[in-house]
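Report on the following structure.
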Amino acid sequence: MKRALAAGPGRASRLNPARESLASRRTRARAIARALARAYPDAWCALSYRTPWELVVATILSAQCTDAMVNQVTPALFAELPTPKALAAAPAERVETLIKRTGFFRQKTKALQATARAVVEQHGGEVPRTMEELYALPGIGRKTANVVLGTAFGEPAIFVDTHVRRLSQRLGLTKEEDPVKIERDLMKIVPREDWGRFPHLLIWHGRRVCHARNPRCEICVINDLCPSSRV
Ligand code: SF4
């Protein structure tokens with residue numbers, strides 16, 4: 001088995017994030033965003049959704065579950081319980097049955113119904129579009145709030161999941177482990193107009209080229225911008 005790649009600078013690279021100025025890192029982050037956007041022009045959220053509410057539901061269901069499985073489950077769920085009001089009023093057992101294949105279905109049902117009730121009671125059935133209001137909803141953490149803001153509403157927001165964390169560290173864009181600190185580091189260097197798309201670009205690149213155990217540096221379009229490159 002090949003050795004997992006460390007997050008720090010690679011031997012083959014002359015780039016050294018520890019000595020890099022903020023201005024240089026900004027330039028590099030912009031170049032990374034541009035190169036990945038050219039490589040993956042269709043990169044966007046892999047979860048299927050038509051409305052902000054559907055993205056809220058799909059993101060809650062995606063915890064500890066693949067996007068592909070969530071996308072198999074949500075059509076029937078959205079057909080039967082299309083609105084926050086309908087989901088809040090449904091018997092919990094019915095919701096559990098509909099989402100069972102995504103795993104942790106009892107906790108997820110509680111989170112979905114609590115979120116749905118709060119959206120109905122506090123926001124007239126519409127998903128709010130500020131971080132403060134979204135984060136205040138039960139069942140919605142910071143990552144989900146940022147996914148919804150950046151992806152469904154096009155607001156400047158960067159979400160950090162495991163792929164975004166891994167690639168940001170590998171690319172020397174952050175040294176942090178905590179998602180909130182990583183989010184702040186990325187906001188300092190990624191152009192604001194790219195915030196909503198940047199996490200999706202990293203996720204696409206992580207799934208296709210920069211695999212956790214065996215990154216394909218030789219075909220990577222950003223290997224000249226990556227301190228962990230093996231080429
Ligand atoms: S695949 Fe690309 S981004 Fe990932 S470690 Fe290699 S050069 Fe860096």
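These values consider heavy atoms only, across backbone and side chains, with no hydrogens, waters or symmetry-generated copies. In listed order, ligands and their atoms are each counted from 1.
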field: Cation-pi check, Arg207 onto Trp204 ring (under 6.0 Å, within 45° of axis)
entry: no
Carboxylate-amine/guanidinium proximity below 4.0 Å for Arg197 and Asp194: no
- line: So the atoms of ligand 1 within less than 4.0 Å of a heavy atom of Cys217 turn out to be 1 (S), 5 (S), 6 (Fe), 7 (S)
task: Select one of side chain, backbone, both or neither to describe which atoms of Cys226 lie under 4.0 Å from any atom of ligand 1, heavy atoms only.
output: side chain
query: With a cut-off of 2.8 Å, does Cys220 place any N/O/S atom under that distance from atom 2 (Fe) of ligand 1?
result: yes
statement: Closest non-hydrogen atoms of Met69 and Thr102, given as atom of the first, atom of the second and distance, are CG-CA, 4.4 Å
Atom pair OG1 (Thr144) and CG (Leu134), whose distance is rounded to the nearest 0.5 Å: 9.5 Å
Atoms of ligand 1 close to Asn223 [distance to a heavy atom under 4.0 angstrom, numbered from 1]: 7 (S)
